[in-house]
Amino acid sequence: MGVKTIIDEQISSRLDLVPPFIAATVQKLTILNLNDETVFDIKLCLHEAVVNAVKHGNKEKNDLSVHVVVKADNREVTLEVTDQGDGFDFSQIPNPTSEDNIGKFHGRGVYLIQNYMDSVEFLNGGRTI
């Protein structure tokens, strides 16, 4: 199978829209016959990326949207999440497992994504992961 686009959608920057969007997206992935562990990894990372885009990228501004693209072929699934915010320097995100940050509530999303996905890229000045 060549590369197939499974999802190419935009959602408004509202946190209440994220869980149903992620559920619908995961449902659409059933056509790929992925194992449960892979589905869990995708669901977790997509949720973290979309929440970060809504909350930190777009600052929950309803007039801005988050663009999500999911593509797949017979070897891999690619997730792409883009916000309309100012971007950020991902190298400045502190390690949430360091002693100074272990009790903080922020900074875990990107860490989880980097640890659950095979590879992660930040593009477009940090607006796309």
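Because the structure is predicted, anything quoted here is derived from the model rather than measured.
Connection of L15 to V110 is established within a shared hydrophobic cluster, with ILVMFWY side chains joined at heavy-atom distances below 4.5 Å, either directly or through further cluster members. Neither I113 nor V69 shares a network with the other; the hydrophobic side chains, linked directly or stepwise wherever heavy atoms of I, L, V, M, F, W or Y lie under 4.5 Å apart, form separate groups for each. Taken together through direct or relayed side-chain contacts under 4.5 Å among Ile, Leu, Val, Met, Phe, Trp and Tyr, V81 and L123 form parts of separate hydrophobic clusters.
A donor-acceptor pair is defined here as one N or O able to donate and one able to accept, closer than 3.5 Å; such a pair exists between the side chain of R127 and the backbone of D86. Judged by distance alone, with hydrogens and angles left aside, the side-chain atoms of D41 form no donor-acceptor pair with the main-chain N or O of M117 at under 3.5 Å. When atom types are taken as modelled, the side chain of K55 and the backbone of N52 share no donor-acceptor pair closer than 3.5 angstrom. Between the side chain of T128 and the main chain of T82, no donor-acceptor pair closer than 3.5 Å is present.
Taken from CD1 in I11 to CG in L64, the straight-line distance is 12.5 Å, to the nearest 0.5 Å. Note that the CG atom of D100 and the CG atom of N95 stand 10.0 Å from one another [nearest 0.5 Å]. Rounded to the nearest 0.5 Å, atoms CD (E60) and CG (D16) are 9.5 Å apart. Of the inter-residue distances, the one linking I7 atom CD1 with L46 atom CG reads 8.5 Å to the nearest 0.5 angstrom. Between the CD atom in E121 and the OG1 atom in T78 there is a gap of 9.5 Å [rounded to 0.5 Å].
Residues L79 and V77 have side chains in contact (heavy-atom distance under 4.5 Å, counting atoms from C-beta outward). Two residues are said to be in side-chain contact when any heavy atoms from C-beta on lie closer than 4.5 Å; I31 and K4 meet this criterion. Residues F21 and V68 are in side-chain contact: their nearest non-hydrogen atoms beyond the backbone lie under 4.5 Å apart. When side chains are defined from C-beta on, V54 does not count as touching R14, because their heavy atoms never get closer than 4.5 Å.
With V50 as the partner, the side chain to side chain contact (heavy atoms under 4.5 Å, CB included) test is satisfied by one option alone out of I129, T25, D83, I22: I22.
In this structure, Q84 and S65 approach most closely via the heavy-atom pair OE1-N, 2.7 Å. Contact detail for H67 and E9: the closest heavy-atom pair is CD2-O, 3.3 Å. What you find for N62 and S12 is that their closest heavy atoms are O-OG, 3.1 Å. When all heavy atoms of R108 and I102 are compared, the pair lying nearest together is NH2-O, 2.6 Å. Between A72 and I6 the shortest heavy-atom distance is CB-CG1, 4.3 Å. Nearest heavy atom pair, residue S13 against residue N58, reads OG-ND2, 2.7 Å.
The aromatic rings of F122 and F88 sit perpendicular, their planes meeting at an angle over 60°, well past the 30° parallel limit.
Atom CG of D63 is surrounded by more than 12 heavy atoms from other residues, nucleotides or ligands within 6.0 Å.
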Next on the checklist: Y116 vs L44, test: side-chain contact (heavy atoms from CB on, under 4.5 Å). Steps then yes/no.
Outcome noted: CA-CA 9 Å; Y116 277 84; L44 173 71; 3.6 Å; yes
